[in-house]
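All chains are named by letter (A, B, ...) in the order of the sequence lines, taking the proteins before the strands, and each is independently numbered beginning at 1.
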Amino acid sequence: MSADAERFVRMYRQMVAIRFFEERVNDLYTRALMPGLAHLYIGEEAIAVGICEALRTDDYITSTHRGHGHCLAKGASPHLMFAELLGKEAGYCKGKGGSMHIADPATGNLGANAIVGGGAGIATGAAFAAKFLEQGRVAVCFFGEGALGQGVLYESMNLAQLWTLPVIYACENNLYNEYTHCSETTAGDMLARPRAFGIDSEAVDGQDVRAVNTAAVRLVERARRGEGPGFLLLDTYRYRGHHVGDIAREYYRSKQEEQEWVTGRDPIALHRAWLESKGLMGRDAFERIDVEVAAEMDAAVEFAMKAPYPDPSRVDEDVYA
Amino acid sequence: MSADAERFVRMYRQMVAIRFFEERVNDLYTRALMPGLAHLYIGEEAIAVGICEALRTDDYITSTHRGHGHCLAKGASPHLMFAELLGKEAGYCKGKGGSMHIADPATGNLGANAIVGGGAGIATGAAFAAKFLEQGRVAVCFFGEGALGQGVLYESMNLAQLWTLPVIYACENNLYNEYTHCSETTAGDMLARPRAFGIDSEAVDGQDVRAVNTAAVRLVERARRGEGPGFLLLDTYRYRGHHVGDIAREYYRSKQEEQEWVTGRDPIALHRAWLESKGLMGRDAFERIDVEVAAEMDAAVEFAMKAPYPDPSRVDEDVYA
Amino acid sequence: MPDMSFGDAIRMALAEEMRRDPRVVLLGEDVAEAGTTFKVLKGLVDEFGCTRVIDTPISEPGFTGLAVGAAMAGMRPVVDIMFGDFLALIMDQVVNQAAKIHYMSGGKWKVPMVVRATMGASRRSAAQHSQSLHAWPSHIPGLKVAMPSTPYDAKGLLKAAIRDDNPVIIFEDKISYTKVKGPVPEDDYVVPLGVADIKRQGRDITLVATSSMVQVALGAAAMLEEIGIDAEIVDPRTTWPLDEKTLIESARKTSRAMVIDEGYFRYGVTGEIASVIAEGAFYDLDGPVRRLGARHVPIPFSPVLEDVTVPTERDVFDLARTMCNK
Amino acid sequence: MPDMSFGDAIRMALAEEMRRDPRVVLLGEDVAEAGTTFKVLKGLVDEFGCTRVIDTPISEPGFTGLAVGAAMAGMRPVVDIMFGDFLALIMDQVVNQAAKIHYMSGGKWKVPMVVRATMGASRRSAAQHSQSLHAWPSHIPGLKVAMPSTPYDAKGLLKAAIRDDNPVIIFEDKISYTKVKGPVPEDDYVVPLGVADIKRQGRDITLVATSSMVQVALGAAAMLEEIGIDAEIVDPRTTWPLDEKTLIESARKTSRAMVIDEGYFRYGVTGEIASVIAEGAFYDLDGPVRRLGARHVPIPFSPVLEDVTVPTERDVFDLARTMCNK
Ligand SMILES: Cc1ncc(C[n+]2csc(CCOP(=O)(O)OP(=O)(O)O)c2C)c(N)n1
Ligand SMILES: Cc1ncc(C[n+]2csc(CCOP(=O)(O)OP(=O)(O)O)c2C)c(N)n1
Ligand SMILES: [Mg+2]
Ligand SMILES: [Mg+2]
C-alpha cells in the first residue's frame, strides 16, 4: 500500500476505535459501572482523527470534556483510559482526573479540560514554549463551538497571532452548547472571529476525515514553518446526548435532525464507502478491523474493571510537585 | 442661530470646558494638591463631546480611568467633579470614588471604571434594562483601544448583537496602552473584531467633532429604533502622559509624533477653524467662551479646595444599600 | 404542608419573586427549556417566557457583567452559575464591579443582583466541578453570601436575596437539590440575611455547620446522642452578614465548638467563624474551637479518593467525641 | 552589603534567575521598556531582550493562561499582575487550571510558574487598585503563596518561587517597593517557602504580621517598648506552606498573640492563622488570639477615609496594650 493509502486505512481504524471505545463507555455508564459524567464523541470522530493524523507524537493537544476521541487519536492506550474512567490506580491520572481530565505527556496530551475554553490559554502557551525552545512542535487546541462564548479564546488568539505561535484552534461545531442551539448563542459569522485577528482560518466538513486531514496538514505545516496560528471550523454532530444521561432530547433537537446526520453524514460510513470505491479496502478488511478493535476494547475494559482502586491514602499525593 | 449652529457652538464650548478642566487637574496634581492618579483627556475631547451630543440626559454611559471628559460631556458639574478629585465630602461620590470612579445617576453616568474593559458588561447590561423596560434609552460604552485585549468585551458584544441591545461601543484609539503601542498588542484589523459579531461598525476621525457626532447620531438613532448595537473606532491621541506623572515619554513615543498631533490635528483648533470659516463664530465669541469657561473652572476649583473632607466615620457608610 | 425538595424550593422562590416583581429575570446557560443541567428551573420558562428566563452563551464574565449593568439600570437579575467552580471566571465582575459600585459612587448607584452558584463535591465530577468557593465572596466587603441547608431556608433566603438591594451570592449544594427534603410553606415568607438558625438544640458541644454540612452534622449528632453527647447545631445561614451573637452564645453555653464546612479547609470560612467564637467565648471554652473542612487537595475523581476528601458524619463524630473526652 | 530597596531586590532576583535559567521569561503589561508602572523591572529588557521580557496586551486571563501552558511545556514563566485587584480576572487560570493540573494528571504534568501581583492600599488609588487579595489563593490546594516583607526576603522568596515546580503567587506591597530598604546579599541565596522568620524577638506578646504589616508591627513594637511591652514579631513569609510550628511556639512563649494583615479582615488570612495558633497554643494563651485587618469596606479614595481603613501602628499598639493589660 502507498503511504497515502496506509494513512487512509489508519484513519478509518482510528475512527472505529473511538466509536467502539465510546460505545463501551456508554455501556459501562448505563450499567452504573462508571462514576461521574461521560460526554461521548460518537459522530465527531473524523475531526480528532483527521487532525491528529497531521501531528507528530511530540506535538501538543489540549482537549475538552468531550475528550476521549482526541486522546485516542493522539495515541493514548484504551487500557489506561478505561482505568482512568473507572477511577483506578492504573489510569492515566491514577484515578484522580477521570473522564474530563485525561492527560498524557507521552503523547503530547496536555489534558482534557472541564472548563469550556480552558484549553485556549494552555495550548497557546505550549505553542509559545515550542517556539521559544525551537522544538518545531505544534499545539492543537480542540474545543466545541460553545467555547466561542469565552473571552479568553479571543485573548489567546490575539496573542497567538501577535507572536506568530504554532497553534491551531480546532472548533468542533456540533451545533449545540449542551441543550442550546448555537444560533442562540453565537452572533455574526463564526469564521469571521478568528479572521478578525488575522488568523488563517478555514471551514471544513468535519464529517469528511480526508478533508479534515488535508486542512489540518496545511495549517500544521504552516505553523511548523513558523508562519503562525491557524483556525479550523469543523461542522459536525454529536449523535448522542450532551452526556450519557441526556436521553430525552426532543425539547432541544428533533429526532429527524439526528437521523439525518446519522444516516447521511456518518464519518465512518462515508470514509468506508470512499475506501471501498477506491478499492483500498474490501469487506474482509473492514470486518477484520471491527473484530480486532472490538477485541482490543473489550480487553481494555476487562483490564480496567479488574484493576484496583488507589489506596485512599494516595489522596494527599500529587498536590504539589 | 439654527439648531445645527447651536449644536456646533455647544460642542466647541464643551471641548474647551474639558480642556480647561484637565489643565486645572494637571496643575493641582503637579502642585501636589490632588491625591492619587490623574489620567488626562486632553487631545481626545472631540470624542466625548461628539458622542454625548448625540445622547439624551437619560441615556447611559460607562467611562474609564481617563474619564473626566466623558463625565463633563454627559453634563456633570465641574464643581462636584473637582470636589471628588480632591476627596471631599461634596464630591460626586462623597470622596469615596475619586478620579477613576466618578458616577452620576442624574446624567446617566454609570461610572468611570479603573478596570480596563470594566464598562463593557455594565453598559451592555444597562442597554439590556433599557430594552426590557422599554425606556428608549441607549447606552454608550467608552473605552480605550487597550480594552480590545479584554475578553469580556467580545463576550459583551456577542450578547449585545444576539439580543439586539441599544449599546454603542466607542473605542478611543489613542495608539497607546499605557506605554506600549497598540500595534504590539492588537493583531489583525481592529474594526473587523466587532464586525465579526455582526455589529454595525464604523471608523471615524476622532479629532473631528462633527464627524464623530454624525457617526454617533446614526448609531444612536439606529439603536434607539431597536436595530441593535453599534461600534465606533475613533482615532485620537492623548497629548500628555498616560497619567500626570508620565513625563519622560521618549522611550515609547517621539516628541515629533506628539507635535504632529498637537499642531495638526487638535480637535478644538480644527473645529474653531471650521466655525470661523462658516462664519458661525468670530474671535470675540471664542474669547468669550474662553473667559467664561476659565471662570467656571476656577470657581469649581475654589469650591472644591474649600470644601471639607468627609468625617472619617463616614468610611463605614455606603458599603451596603 | 408537604415535604419538598431543596431544588423545588429554589424554583418556588424564583417563581414567586418573578410573579411579584416583573423586573426579576433569570440569566444563565441552559436555564430556559432545559431548566439548567440540574433541572432546578424546569418549567419557569413556560410561565415567564424566554424574555425573562434567558439562555446565554457560555460567557460567565459577560452575562454577569451584563447583570451588573442591568441591576444598576432598574432590573433585578438573577444569574445562574452552573458549577460554583466557574465563580473563578466572574470574580472581576462580582468583586471589582458589583461589590464596589455602591460604595465607589458614594451610595448613588445600587446593584440589586443575585448570583446563584452551586457548590459541593461527592458527585465524582472531579477537580473543576466540585468546589465550594464561598470563602472568596465572604471575604469581600459589599457582598452578602447565603448558604441554605434546608428547603425552607433555600426558599426564604433566595427570596430575601432577590429583594435585597445589594449583590448577594447564594450557594446551592448540588447533592441537596434532590436529596434534601423538608417542609416549605406556600406563604410569601423570607429568611432575613444575617440570622443564624439552631437546627438542633443541645447542651454538650456546638457544631457550627454550613450548607451541606448541616445534614452531616445532624447525622453525627444522632450518633453522638447514642454515646450520650448532646450536640447543638448552629447554621449561620449566611456567612455575611454573620450572626456572631448566636454563634457565641451557643459556644458559651456548651463550652465546646466545632466548625464544619465543605470548602477547602485552609483559609476557608471555618477560620473566620472559629476566630469569632474564640474571641467572643474564649473564657467559657474548655478547649480550642476545632474545625473540619475539605482536605487540602483538589477534589479527586475516583470515588475512593473523593470519599475521604470532604468531612463525613464519622469525622464529625470522632472529633466531637475527642473534644468531649468520651 | 549596601541597603537596597524592596523593588530593587525584586529586580535583582529576576535578573539572577534569568541569567541562571534561560527558560525564565517575564510576561505582563508594560514590563519591557517601561519596566512596569512601578519601574521595578526597569533595565531587564536591556539585558535579556524582548523575547524574554515580553510586553503583553491587556489580557490578564489570556497571558496567564498562556503561562500555564508554557510552564507545562518546559518554560519557567513569571507573570506580572500590575495591580493585585486584577487577580480577580485570572482566578480561573490560576485556580481551575494551574493549581489543579499536577493533581488532575496524577502527577504527570507540572506547572512551574510564578505570578507576581502587587498588593496594598494607602496610595489613594481607590477601590479597584488597592486590594490585598492573598486570602484567595491561600485557600486553594495546589498553590503556594509568598508575602515578602523585606528586601532580603523579597529576593530570596522570589528566587525560591521561580525554582519551585509548582505555581507560586508572590505578593509585593506597592508602598514597600521604594519605601522599604534593607541589606540584600549579592549571593545566590533562596528563602525556602514555608519557613517563618522572627523579625523581632520579644517576651510579652506575639505579633504575627504579613507583608506590609511587618513594618507596621515593627513601628508598634518600638512604641510598645516605651511602655514596657516587649513584642515578638513573627513573619510567616508564606501563607502556604504555613510554618505552624514557629507561630505556635512563639505564642506559647509569650502567651498572647495578635495577627495583623492588610487584606480585608473578614474571612481573610488572619482567621486561619489565628485558628492555627489557638488550636496549637490554647492552653498557654492568656486570652483569645486577636486580629487586625482592613476594615470591611471597599478601599476609599479620600485620604481621610483611606487612612482609617488599613491597620496602623497606633491600632496595633492600642490593641497590644489592651491585651497586655497595660
Ligand atoms: C466555563 C464553563 N461554563 C460552563 C460549563 C458547563 N458546560 C459543560 S459542556 C458545556 C457545553 C459545551 O458546548 P460546546 O463547547 O459546544 O461543546 P460540546 O459539548 O458541544 O462538545 C457547558 C455549558 C463548563 N464546563 N465550563
Ligand atoms: C484589567 C486591567 N489591566 C490593567 C490595568 C492597568 N492600566 C490602566 S490604564 C491601562 C492602559 C489602557 O489603555 P487604553 O485602554 O488604550 O486606554 P488609554 O489609557 O489609552 O485611554 C492599563 C494597562 C487596568 N486598569 N485594568
Ligand atoms: Mg457544541
Ligand atoms: Mg489607548
Contact class of [X] relative to chain C, heavy atoms under 4.5 angstrom:
X      : value
A/Y252 : neither
A/L153 : neither
A/L148 : neither

Specify the closest pair of heavy atoms between [X] and [Y], including all atoms of both residues, with the distance to one decimal.
X      : Y      : value
C/D30  : A/Y179 : OD1-N, 3.1 Å
C/A126 : A/G97  : CB-O, 3.5 Å
C/L305 : A/D311 : CD2-O, 3.7 Å
A/V319 : C/H296 : CG1-O, 3.8 Å
C/F301 : A/G36  : CE1-CA, 4.3 Å
A/P312 : C/V304 : CB-O, 4.1 Å

Flag the pair [X] / [Y] as yes when at least one side-chain heavy-atom distance between them is below 4.5 Å, and no otherwise.
X      : Y     : answer
A/T185 : C/I58 : no
A/E178 : C/M82 : yes
A/N177 : C/E29 : no

Output the distance between atom [atom1] ([X]) and atom [atom2] ([Y]), rounded to the nearest 0.5 Å.
X      : Y      : atom1 : atom2 : answer
A/K94  : C/S302 : NZ    : OG    : 13.0 Å
C/H129 : A/H101 : NE2   : NE2   : 7.5 Å
A/K96  : C/I299 : NZ    : CD1   : 13.0 Å

Heavy-atom distance under 4.5 Å to chain A: side chain of [X], backbone, both or neither?
X      : result
C/F86  : side chain
C/E306 : neither
C/A127 : backbone
C/V297 : both
C/R295 : side chain

Q: Evaluate side-chain contact (heavy atoms from CB on, under 4.5 Å) for A/Q150 paired with C/L89, printing each intermediate quantity in order.
A: CA-CA 10 Å; A/Q150 291 281 322; C/L89 283 158; 3.8 Å; yes
Q. In this structure, are over 12 heavy atoms from other groups packed under 6.0 Å from C/K39 atom NZ?
A. yes
(Q) Other residues, nucleotides and ligands only: do more than 12 of their heavy atoms fall within 6.0 Å of CD on A/Q256? (A) no
Q.
Distance to the ring centre below 6.0 angstrom and angle to the axis at most 45 degrees; does that hold for C/K42 and A/Y251?
A. yes
Q: Using a cut-off of under 4.5 Å on heavy-atom pairs, state which of A/L37, A/V116, A/D318, A/D316 scores highest against chain C.
A: A/D316
Q) Among A/N113, A/T186, A/L86, who wins on heavy-atom pairs under 4.5 Å with chain C? A) A/N113
Q. Pick from C/R123, C/E33, C/Q128, C/R124: which one has the most heavy-atom pairs with chain A under 4.5 Å?
A. C/Q128
